[in-house]
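The structure under discussion appears below in the form of structure tokens.
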Amino acid sequence: MDFDHRYFSFDDDDDDDDDRDKPREAVFMRHFPVPRLRTLHPSVKRACMKGFHTCIHEIALSIQNTPAFKEQKAGVSLNQMSKNQKEEELYAPFKTSLEQFQYRTTASYYMCYYTLQRIPELEHFSSECRGLSFTLRYKDKRLHDYRADDKEPYACALLSFCPDPCCGKMPNGGQVLSPGACRTSAENPCSKYGDGTCQVDFKQNQNFQPLMKNRLNFTCDCAAYRKSFVWNMRFRQCIDKDECYDGDYTCEENQVCRNTVGSYYCACRRGYASNQTLGCGCHKQEYHQVEDHFVDLPAPTEGVDVASKSQGEDLLDKFGDFLGLNTASPTTRSSIFTNILMAAIVVATI
């Protein structure tokens with residue numbers, strides 16, 4: 001399976017002597033085909049929807065019927081394979097190149113999906129992972145991808161079936177020659193965070209449709225970059241971890257969490273306040289009704305000039321005579337004067 005994808009994903013011809021000093025570029029290392037397949041190959045889809053074992057059986061039968069696989073079994077070198085094949089055999093067992101492409105891409109989708117599901121059978125490939133498809137010819141030397149040594153769980157399966165969002169854009173066709181080569185590469189999206197570690201996040205890659213759209217989630221070493229920072233795939237950078245939103249905080253019953261850059265703090269809920277007398281924590285606030293205190297006002301005549309008072313009463317009597325109110329009762333006159341006074345105040349404020 002890995003031979004089928006890696007060998008046919010190279011763009012240039014292996015027999016071009018002018019390019020012997022240039023590493024071949026494997027586009028498959030970077031991403032799945034763009035745009036994605038609109039229609040999955042029916043045979044692969046039908047088998048792989050039933051389960052992993054049915055899926056791998058279907059794909060294995062197809063690969064075993066390819067002329068390239070048969071020639072490899074016979075010991076034919078990669079350089080000789082394309083020379084030996086006739087034109088009608090290029091797409092066998094498929095009728096057209098389009099069908100071949102559709103089948104292989106659909107198979108890639110499902111095998112990568114099952115890898116990210118961490119199917120036990122894909123955890124280690126042992127010596128079978130160290131094939132020609134993970135060795136690159138460069139200046140008459142063979143450059144070997146160290147991940148093909150299959151020391152880490154699912155390393156070979158990821159290398160065989162999935163695009164590499166971390167190291168796939170590196171030189172040498174995406175081959176990683178040492179553990180530190182990818183971490184220090186400018187093509188690594190995590191190179192400026194922490195020690196540059198970039199890993200595919202298995203837990204965040206459980207859906208098939210985003211996988212087809214090249215939306216592989218990966219994580220960077222944000223904790224080493226800055227305290228309480230985490231990787232965010234939407235912005236593709238390390239951002240402050242919101243402990244309050246994630247529920248990763250410890251506050252008392254009457255407290256609420258407030259996020260800060262790099263940390264958080266606990267504040268009292270509404271209606272609660274800290275009280276040093278009652279001890280640490282937040283305590284319910286008690287409200288006491290404030291009693292009304294009235295100031296004794298001086299008597300109306302106390303401190304008032306009697307002459308001024310008499311002049312005011314005379315003025316009101318004349319105003320009452322003008323309005324014809326002197327015959328009215330004192331209560332009625334008082335109410336009418338009050339209304340007139342209020343109306344005058346309103347007019348004055350307009």
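Being a predicted model, the structure only gives us computed values, none of them experimental.
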Could you tell me the separation between the [atom1] atom of [X] and the [atom2] atom of [Y], rounded to the nearest 0.5 Å?
X      : Y      : atom1 : atom2 : value
Leu158 : Leu116 : CG    : CG    : 6.5 Å
Cys222 : Phe229 : SG    : CZ    : 9.0 Å
Leu122 : His124 : CG    : NE2   : 11.5 Å
Gln237 : Lys192 : CD    : NZ    : 7.0 Å
Ser97  : Gln102 : OG    : CD    : 11.5 Å

Please enumerate all residues that pass side chain to side chain contact (heavy atoms under 4.5 Å, CB included) together with [X], with sequence neighbours excluded.
X      : answer
Cys198 : Cys166, Asn188, Pro189, Cys190, Phe218
Thr184 : none
Ala267 : Val256, Arg258, Tyr265
Ser178 : Ala181

Looking only at atom types and distance, does a side-chain atom of Asn232 sit under 3.5 Å from a main-chain N or O of Ile239, one as donor and one as acceptor?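 Judged by distance alone, no pair lies under 3.5 Å.
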Is there a side-chain contact between [X] and [Y] (heavy atoms, below 4.5 Å)?
X      : Y      : result
Tyr245 : Cys257 : no
Met212 : Tyr113 : no
His57  : Thr54  : no
Ser108 : Phe161 : no
Asn259 : Asp240 : yes
Pro165 : Val200 : yes
Phe208 : Gln117 : no
Leu216 : Asp164 : no

Yes or no on side-chain contact (heavy atoms from CB on, under 4.5 Å) for Tyr272 and Glu252, after CA distance, side-chain angles and deciding distance? CA-CA 12 Å; Tyr272 292 81; Glu252 295 184 4; over 6 Å; no
Mind checking ring pair (Phe, Tyr, Trp, His ring centres under 6.0 Å) for [X] and listing every partner two or more places apart, or none if nothing turns up?
X      : value
Tyr249 : none
Phe52  : Tyr114
Phe202 : Tyr154

Give the C-alpha distance, both sets of side-chain angles, the deciding distance and a yes or no for disulfide (SG to SG under 2.5 Å) between Cys220 and Cys238. CA-CA 8 Å; Cys220 300; Cys238 291; 5.8 Å; no
Are there more than 12 heavy atoms of other residues, nucleotides or ligands under 6.0 Å from atom CD of Gln206?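 Enclosed: over 12 neighbouring heavy atoms sit under 6.0 Å from CD of Gln206.
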How about Gln209: does its CD atom have over 12 heavy atoms from other parts shown lying under 6.0 Å from it?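 Counting neighbours around CD of Gln209, more than 12 heavy atoms of other residues, nucleotides or ligands fall under 6.0 Å, so yes.
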Is there a side-chain contact (heavy atoms from CB on, under 4.5 Å) between Phe94 and Ser62? Walk through the geometry before answering. CA-CA 9 Å; Phe94 309 103; Ser62 173; 3.4 Å; yes
For residues 194-203, which residue pairs pass the side chain to side chain donor-acceptor pair (under 3.5 Å) check, not counting sequence neighbours?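 Listed by first then second residue: Asp195-Thr197.
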Side chain to side chain donor-acceptor pair (under 3.5 Å) partners of residues 217-229, not counting sequence neighbours, each pair once: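 Pairs touching residues 217-229 that pass the test: Ser228-Glu243.
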Going only through I, L, V, M, F, W and Y residues with side-chain contacts under 4.5 Å, is there a path from Val230 to Tyr193?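 Val230 does not cluster with Tyr193.
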Grouping I, L, V, M, F, W and Y whenever their side-chain heavy atoms are under 4.5 Å apart, do Met49 and Ile59 come out in a common cluster?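 Yes.
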Side chains of residues 33-46: which donor-acceptor partners sit under 3.5 Å, not counting sequence neighbours?
| residue | atom | partner | partner atom | Å |
| --- | --- | --- | --- | --- |
| His41 | ND1 | Ser43 | N | 3.2 |

Taking side chain to side chain donor-acceptor pair (under 3.5 Å) as the definition, give me every residue that meets it alongside Glu121, ordered by chain and number, with sequence neighbours left out.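 Only His53 meet the side chain to side chain donor-acceptor pair (under 3.5 Å) criterion with Glu121.
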Once side chain to side chain donor-acceptor pair (under 3.5 Å) is applied, do any residues pair with Asp246, and if so which ones, sequence neighbours excluded?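 Listed in chain order: Lys241.
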Tell me the closest heavy-atom pair linking Gln255 and Cys282, and the distance in Å.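 Closest approach of Gln255 to Cys282: CG-SG, 3.5 Å.
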Please give me the minimum heavy-atom distance between Ser274 and Cys268, naming the atom from each residue.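 Nearest heavy atoms, Ser274 then Cys268: N-SG, 3.7 Å.
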Report the C-alpha distance between Tyr110 and Ile56 in whole Å, list the side-chain angles of each, state the deciding distance to 0.1 Å, and finish with yes or no for side-chain contact (heavy atoms from CB on, under 4.5 Å). CA-CA 9 Å; Tyr110 279 104; Ile56 197 70; over 6 Å; no
Can you list the steps and then say if Glu123 with Arg118 is a side-chain contact (heavy atoms from CB on, under 4.5 Å)? CA-CA 7 Å; Glu123 186 172 359; Arg118 288 190 275 198; over 6 Å; no
